[in-house]
Amino acid sequence: MQRFQAKPHYDILDGLRGVAALLVIVYHVFECFDWSPVPHGYLAVDFFFVLSGFVIGYAYDDRWSEGLTVSTFFKRRLIRLHPMVIIGAIIGMICFLLQGSVRWDGTPVSVGWVMVAMLMGMLMLPLYPGAAADVRGNGELFPLNGPSWSLFFEYIGNIFYALLLRRLSTRWLAVIAGVTGCVLAYVAVSDGYLGVGWSMVDGGLWTGLVRMLFPYTVGMLMARVFRPVKGARSAFWICAAIIFLVGCVPLAFGELLPWQNGLYDALCVILVFPCLVWLGASQLTVSGTTQRVSHFLGELSYPLYAVHYPLMYLFYAHIGFSGDLVPIAVMNDVWPVAIALPVACILLAWLCWRFYDRPVRRYLMKASRMIQQRPSSAKSDDNM
């Protein structure tokens, strides 16, 4: 695999990705209850997309002129993303079998269809609602590991970037960002909600694509025109606090009307998150506690997001649901488990990163380089 000159690493952005992953976990713990401390925690996914677009543009834009090929780009992205996709589907299968291999309504599911759902998840092939392999019966694209839907759209964003977006001028990239931003705002205000994309129900596949395209494109645009904010200090802690405030601030204003909620979602994605990424990238050098926290959260951010949800399924099975998907237990009954759950997610993510993700990616990178070098070696032998 081609080697390129290393670039300065944005430790703060890595750490903020971990903060957003923690926000997602808190949101999912309370997702099935009437009250949540972070009712807009789902917007952390949109922050991921902005961040991903910025990092992709920063890391790869100038490498195409240095000899980067489309196939090499896809290999790098697959090596970075897909090992955790696979282990997430496997953990999802194990947790589904542990909770009894039944749908939300209690209908038993055969092990064969669970294996099919796992295989579809490992291959990143989404399911349509009502498919036999929709083992939870909830219409999810990936029923054994629901958050894989965003990785599915991340893959689509990578394809768009490699085949189209990287070729566009900055002006045209800005036009696309503007158009997709308007479409996203329309979807958010009309639907009253941006927590879409995880299912094909009610146009979820289309709205999920819209949800990815704007933040991904605007992140790439920012990477091209980025100029650091002078004198940026404590960027990690400021941005981390704002990310959590985005998740919980509406609580201070009571219940929002649907259009107000949609407008809030749109403003966060279109204005707040790009500003946070810009500010976070402006402070390149960190040290001490900030560096340690950012590094730890950065290393665990992707594994944490990729494997936490199967444990949530076990938690939901522990709670129990009536026929209309209303939780039987209340938070007062299960709060010890709810408190322990994020800790268990962090531990699982660390184990996956330390003993699976990191060594597998190193092996795949080494194997890819060896395969790439073989043709030149064979040619040299022929000329001897």
Side-chain angles (χ1 to χ4, degrees), residues 17 20-21 23-24 27-28 41-57 60 73-74 76-78 80-86 88-89 92 120-129 134 138-166 173 176-177 179-181 183-188 191 193-221 223 265-266 268-270 273-274 277 301-309:
R17 184 184 290 110
L23 182 64
V24 170
Y27 171 75
H28 283 153
Y42 57 84
L43 290 176
V45 175
D46 303 272
F47 178 77
F48 289 146
F49 284 141
V50 177
L51 192 58
S52 181
F54 181 86
V55 171
I56 290 293
Y60 291 104
F73 172 78
F74 286 146
R76 284 173 170 260
R77 297 309 294 158
L78 282 171
R80 176 67 183 96
L81 297 174
H82 213 72
M84 291 307 303
V85 170
I86 292 174
M120 297 288 281
M122 293 170 69
L123 297 176
M124 197 56 79
L125 298 175
L127 293 170
Y128 60 88
D134 181 13
N138 203 30
E140 295 167 285
L141 296 181
F142 302 95
L144 292 179
N145 193 16
S148 288
W149 74 266
S150 61
L151 302 178
F152 171 73
F153 285 108
E154 174 82 12
Y155 276 35
I156 293 176
N158 285 181
I159 294 171
F160 279 0
Y161 169 73
L163 300 183
L164 174 63
L165 297 178
R166 69 177 177 87
L173 195 62
I176 291 178
V179 171
T180 54
V183 175
L184 181 135
Y186 171 78
V187 169
D191 289 358
Y193 181 61
L194 266 185
V196 295
W198 54 273
S199 172
M200 294 186 189
V201 175
D202 297 329
L205 198 62
W206 154 250
T207 52
L209 185 63
V210 170
R211 190 179 178 187
M212 177 275 294
L213 275 176
F214 167 75
Y216 204 72
T217 305
V218 81
M220 292 177 182
L221 177 64
D265 286 1
C268 288
V269 179
I270 295 173
F273 291 160
V277 171
S301 59
Y302 179 49
L304 189 58
Y305 182 78
V307 303
H308 79 279
Y309 209 65

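Keep in mind the model is a prediction, meaning the values are calculated, not measured.
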What distance do [X] atom [atom1] and [Y] atom [atom2] have between them, rounded to the nearest 0.5 Å?
| X | Y | atom1 | atom2 | value |
| --- | --- | --- | --- | --- |
| I86 | S148 | CD1 | OG | 11.0 Å |
| S52 | M212 | OG | CE | 9.5 Å |
| Y216 | I176 | OH | CD1 | 13.5 Å |
| L304 | R17 | CG | CZ | 12.5 Å |
| F49 | L43 | CZ | CG | 12.0 Å |
| L144 | D134 | CG | CG | 9.5 Å |

Shortest non-hydrogen contact from [X] to [Y]?
| X | Y | result |
| --- | --- | --- |
| V269 | P274 | O-CD, 3.2 Å |
| Y42 | D265 | OH-OD2, 2.7 Å |
| G139 | S199 | O-OG, 2.5 Å |
| Y309 | G146 | CD2-N, 3.8 Å |
| M120 | P126 | CE-O, 4.2 Å |
| L184 | P215 | CD1-CD, 4.3 Å |

Do [X] and [Y] come within less than 4.5 Å of each other through their side chains, counting heavy atoms only?
| X | Y | value |
| --- | --- | --- |
| F153 | L209 | yes |
| S150 | R211 | no |
| W149 | V45 | yes |
| L213 | V183 | no |
| L205 | F152 | yes |
| F273 | L51 | no |
| M220 | F160 | no |
| E154 | F48 | no |

Worksheet item: Run the side-chain contact (heavy atoms from CB on, under 4.5 Å) check on Y305 and M84 step by step: do they pass?
Response: CA-CA 10 Å; Y305 182 78; M84 291 307 303; over 6 Å; no
Fill in: Test side-chain contact (heavy atoms from CB on, under 4.5 Å) applied to L141 and M200, step by step
CA-CA 7 Å; L141 296 181; M200 294 186 189; 3.6 Å; yes
Practice prompt. Quick one: sort the F73 and Y161 rings into parallel, tilted or perpendicular, breaks at 30° and 60°.
Written response: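 Judged by the thresholds at 30° and 60°, the geometry between F73 and Y161 is tilted.
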Worksheet item: Relative to the ring of Y155, is the ring of H82 parallel (under 30°), tilted (30 to 60°) or perpendicular (over 60°)?
Response: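 Aromatic pair H82/Y155 classed tilted.
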Fill in: Heavy atoms from other residues, nucleotides or ligands near CZ of F74 exceed 12 (cutoff 6.0 Å)
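Check passes, neighbour count above 12.
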Discussion item. What verdict does the side-chain contact (heavy atoms from CB on, under 4.5 Å) test give for V210 and V196, after you've listed the backbone C-alpha separation in whole Å, the side-chain angles of each residue and the deciding distance to 0.1 Å?
Written reply: CA-CA 10 Å; V210 170; V196 295; over 6 Å; no
Practice prompt. Verify side-chain contact (heavy atoms from CB on, under 4.5 Å) between W198 and N138, making sure each step is shown before the conclusion.
Written response: CA-CA 10 Å; W198 54 273; N138 203 30; 4.2 Å; yes
